[in-house]
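Shown next, in structure tokens, is the structure this report addresses.
Quick note: numbers below take in every heavy atom, side chains included, and nothing from hydrogens, waters or symmetry partners. If you're wondering where the values come from, they're calculated on a predicted model, not measured in any experiment. Residues: numbered from 1 along the sequence shown.
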Amino acid sequence: MKVIFEHQSNPSGAGLLVKEYVQTYFTSPYHFHDLYELIWIKKSYGKLYAGKNIMNFQDGDIYAFGPGFGHCFYNEKSFIEKNEKAHAIAIFFKEDFLGKGFFDHTMFTGIRDFFLKSTFGIKIETPPPGLHVLFDDITRQRGMEELITFLQLLNQISQTSSFSVKMLNDTQSAIKLTNKDSARLEPVIKYVMENFREDLDSKTAARMVYLNDAAFCRYFKSRTEQTFSQFVNHVRITHATNLLITEEWDVLRICYESGFNNLSYFNRQFREITGQSPKEYRKSFNGKNENLIMDTKED
């Protein structure tokens, strides 16, 4: 079984670490860190499982995750088949990287608010001008220059309008996992993310974590706050939302391309999860390629 907890530390002992990832596809399993993470997806697209939500991600997205926040980026097969490189820049840091209590001063209220929100997972919907440039700059810097650029990043994000920040979860306690939980859930999540177009069943998932079907279903729901079938449907509907705003296919084709084999059931699940019919959803976006965050509601 994989160890999913990822400890990030700077060899110099500083509480700030910058990593640049250029890969055929993102390979990190479902995991969490002991540090805060600020990440820019420079080039890639697919599905992001963040806390207890599933969403599409794409080029240019910026996310922040607090310590203990489970997450994973899964590339679409269509991206992998293009033979392009997935590219991301991630910054890992301690809350007290400038010393204990440094950000407690009232002048740093915006940064403190950013720290708090990131424990729920956040997406910067409308990044401030120049933020991407700072991400690029910091990969080439060391020492004081690196620190100054990171402070500029924090400053710009802390001044971002609340309307430009999307909370990925509505509760904090439900999204924190133990190392054992993450390790158990990882093969199941990967199984669904990579095979959601196929027939999936909880018995196959249960065998992956060495549980019987009933025990697995209880365990999965207790950790994710949704049943296995609800999770599968959320992945499929998330995929469908992306197709509705990026392809000109009819709803029946999108239904089948998303793993459903019954149009009525697809329509019913789509409305229950999004609050709209597929046609209403497509019309509301007017062709704009935006992400949709799903709340995990009970059937």
Side-chain angles (χ1 to χ4, degrees), residues 24-26 30 41 44-50 52-59 61 72-84 86 185-208 213 216-217 220-221 224-299:
T24 303
Y25 55 90
F26 292 141
Y30 186 58
I41 307 300
S44 188
Y45 64 84
K47 302 285 181 293
L48 167 61
Y49 186 43
K52 59 176 183 175
N53 279 318
I54 309 153
M55 62 213 74
N56 300 304
F57 74 88
Q58 60 188 10
D59 298 355
D61 285 356
C72 188
F73 293 91
Y74 294 87
N75 285 116
E76 295 285 0
K77 290 182 179 179
S78 59
F79 177 84
I80 298 172
E81 291 168 354
K82 288 181 178 180
N83 292 318
E84 297 179 345
L185 289 172
E186 158 59 18
V188 176
I189 295 169
K190 185 176 181 181
Y191 165 62
V192 176
M193 293 290 188
E194 293 182 351
N195 301 282
F196 64 86
R197 296 178 183 86
E198 312 300 328
D199 290 332
L200 304 178
D201 68 276
S202 59
K203 292 181 180 178
T204 300
R207 286 195 295 270
M208 293 178 176
D213 188 42
F216 166 74
C217 289
F220 190 87
K221 186 171 183 180
T224 66
E225 298 188 338
Q226 57 189 318
T227 66
F228 179 73
S229 63
Q230 287 172 336
F231 176 70
V232 172
N233 283 336
H234 276 276
V235 173
R236 289 171 171 169
I237 294 300
T238 300
H239 188 70
T241 63
N242 187 52
L243 295 179
L244 283 165
I245 60 181
T246 59
E247 303 290 348
E248 296 182 356
W249 300 341
D250 60 35
V251 173
L252 181 60
R253 180 175 178 181
I254 289 175
C255 163
Y256 292 141
E257 291 284 346
S258 301
F260 292 93
N261 55 23
N262 181 290
L263 182 59
S264 296
Y265 183 68
F266 168 72
N267 285 331
R268 187 163 63 251
Q269 288 298 311
F270 197 97
R271 182 175 289 280
E272 181 169 331
I273 292 172
T274 69
Q276 297 175 294
S277 70
K279 291 182 179 179
E280 290 169 342
Y281 180 84
R282 171 178 272 168
K283 185 177 180 180
S284 70
F285 274 82
N286 294 319
K288 294 179 182 177
N289 188 4
E290 299 182 13
N291 290 354
L292 177 71
I293 295 176
M294 309 292 190
D295 291 327
T296 52
K297 299 176 181 177
E298 293 287 339
D299 285 338

Working to the nearest 0.5 angstrom, can you tell me the gap between C72 SG and E186 CD?
6.0 Å
S258 side-chain N/O to F260 backbone N/O, donor-acceptor pair under 3.5 Å
no
Should Y49 and T224 be marked as a side-chain contact (heavy atoms from CB on, under 4.5 Å) after you check the CA-CA gap, both sets of side-chain angles, and the distance that decides it?
CA-CA 11 Å; Y49 186 43; T224 66; 3.8 Å; yes
What are the two closest heavy atoms between F270 and A240, and how far apart are they?
CE1-CB, 4.2 Å
Taking only residues two or more places apart in sequence or in another chain, which ones pass side chain to side chain contact (heavy atoms under 4.5 Å, CB included) with N267?
V251, L263, P278
Straight-line distance of H234 NE2 to S229 OG, nearest 0.5 Å:
9.5 Å
dist E81:CD -> E76:CD (nearest 0.5 Å) comes out at 10.5 Å
Please confirm whether the ring centroid of F79 lies under 6.0 Å from the ring centroid of F26.
no
Where does the angle between the aromatic ring planes of F57 and F73 fall among parallel (under 30°), tilted (30 to 60°) and perpendicular (over 60°)?
perpendicular
Can any side-chain N or O of N56 pair as donor or acceptor with the backbone N or O of L48 at less than 3.5 Å?
no
Could you check D61 against Y45 for side-chain contact (heavy atoms from CB on, under 4.5 Å), going step by step and ending with a plain yes or no?
CA-CA 9 Å; D61 285 356; Y45 64 84; over 6 Å; no
Pairwise salt bridge (charged side-chain N to carboxylate O under 4.0 Å, His left out) hits with a residue in residues 251-271, at least two apart:
R253-E257, R271-E280
P187 and M208: which non-hydrogen atoms are nearest, and at how many Å?
O-SD, 3.7 Å
Does a side-chain heavy-atom distance below 4.5 Å link Y74 with I189?
yes
Of the non-hydrogen atoms in F216 and A206, which two are nearest, and what is the gap between them?
CB-CB, 3.5 Å
How close do V192 and F228 get, counting heavy atoms only, and between which atoms?
CG2-CE1, 3.7 Å
N75 side, atom CG; T24 side, atom OG1 - distance, nearest 0.5 Å:
9.5 Å
Side-chain contact, heavy-atom cut-off 4.5 Å: R207 with T204?
yes
What are the two closest non-hydrogen atoms of R236 and E198, and how far apart are they?
NH2-O, 2.7 Å
D199 atom CG, over 12 foreign heavy atoms within 6.0 Å
no
Contact summary for R282 and E247, nearest pair of heavy atoms:
NH2-O, 3.0 Å
Donor-acceptor pair, distance only, cut-off 3.5 Å: does the side chain of N262 make one with the backbone of Y265?
yes
Taking atom CG of L200 and atom CG of N195, what is their separation to the nearest 0.5 Å?
6.5 Å
In Å, rounded to the nearest 0.5 Å, how long is the span from CG of L185 to OH of Y191?
15.0 Å
